[in-house]
Asks: 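The structure is given below, and queries will be raised subsequently.
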Amino acid sequence: MANSEDKPPPAVGAYWIKEEDYPALLQLFDDRDKMPPSWKEWLKMAEEMEHGLKAYGHVVLRVYIDPATFPDWCATHGTSPGSAGRRKFVAAAVTERYGRQA
């Protein structure tokens, strides 16, 4: 009988932003005041987080946010285009890719 320690950590998602989309997304996000002022600063933070998750054995799925489609996705799913919307968007992408993980 395998115990839970034998199971690899679940796959996780991280929202990802293309440099050219950063200004438009900052305008959309309702928590823009909590975001780094530049894409380069955001990228440094995102890569550090991704590296840390991978170091613990997680598979990390980069989930790109498109400023042209994200507001509609949020409206369709009853969430705001901020941290709550990003979390829900990433979770949906991970579930679509890897299924429900226990």
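Counting from 1, the numbers follow the sequence of the chain as shown.
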Asks: Quick check: closest heavy atoms across Glu41 and Pro36, and the distance to 0.1 Å?
Replies: CB-CB, 3.7 Å
Asks: For Glu96, is the CD atom crowded, meaning more than 12 foreign heavy atoms sit under 6.0 Å from it?
Replies: no
Asks: Search all heavy atoms of Glu19 against all heavy atoms of Pro23 and return the closest pair with its distance.
Replies: O-CD, 3.7 Å
Asks: Considering all heavy atoms of both residues, which atom of Gln27 and which atom of Arg32 are nearest to each other, and what is their separation?
Replies: O-NH2, 2.8 Å
Asks: Got a sec, which residues hit salt bridge (Lys or Arg N to Asp or Glu O under 4.0 Å) with Arg62, two or more places apart in sequence or on another chain?
Replies: Glu50
Asks: Taking the basic N atoms (NZ, or NE/NH1/NH2) and the acidic carboxylate oxygens, is any pair closer than 4.0 Å for Lys18 and Asp66?
Replies: no
Asks: Taking the hydrophobic residues Ile, Leu, Val, Met, Phe, Trp and Tyr, and joining any pair whose side-chain heavy atoms are under 4.5 Å apart, which ones share a cluster with Leu43?
Replies: Tyr15, Trp16, Ile17, Tyr22, Leu25, Leu26, Leu28, Phe29, Met35, Trp39, Trp42, Met45, Val59, Leu61, Val63, Tyr64, Ile65, Phe70, Trp73, Phe89, Val90, Val94, Tyr98
Asks: Looking only at non-hydrogen atoms, find the nearest pair between Gly82 and Asp30 and report the distance.
Replies: CA-OD1, 3.1 Å
Asks: When rounded to the nearest 0.5 angstrom, what is the spacing between SG in Cys74 and CZ in Arg86?
Replies: 9.5 Å
Asks: Could you pull out the closest heavy-atom pair between Lys88 and Gly78, with the gap in Å?
Replies: NZ-O, 4.4 Å
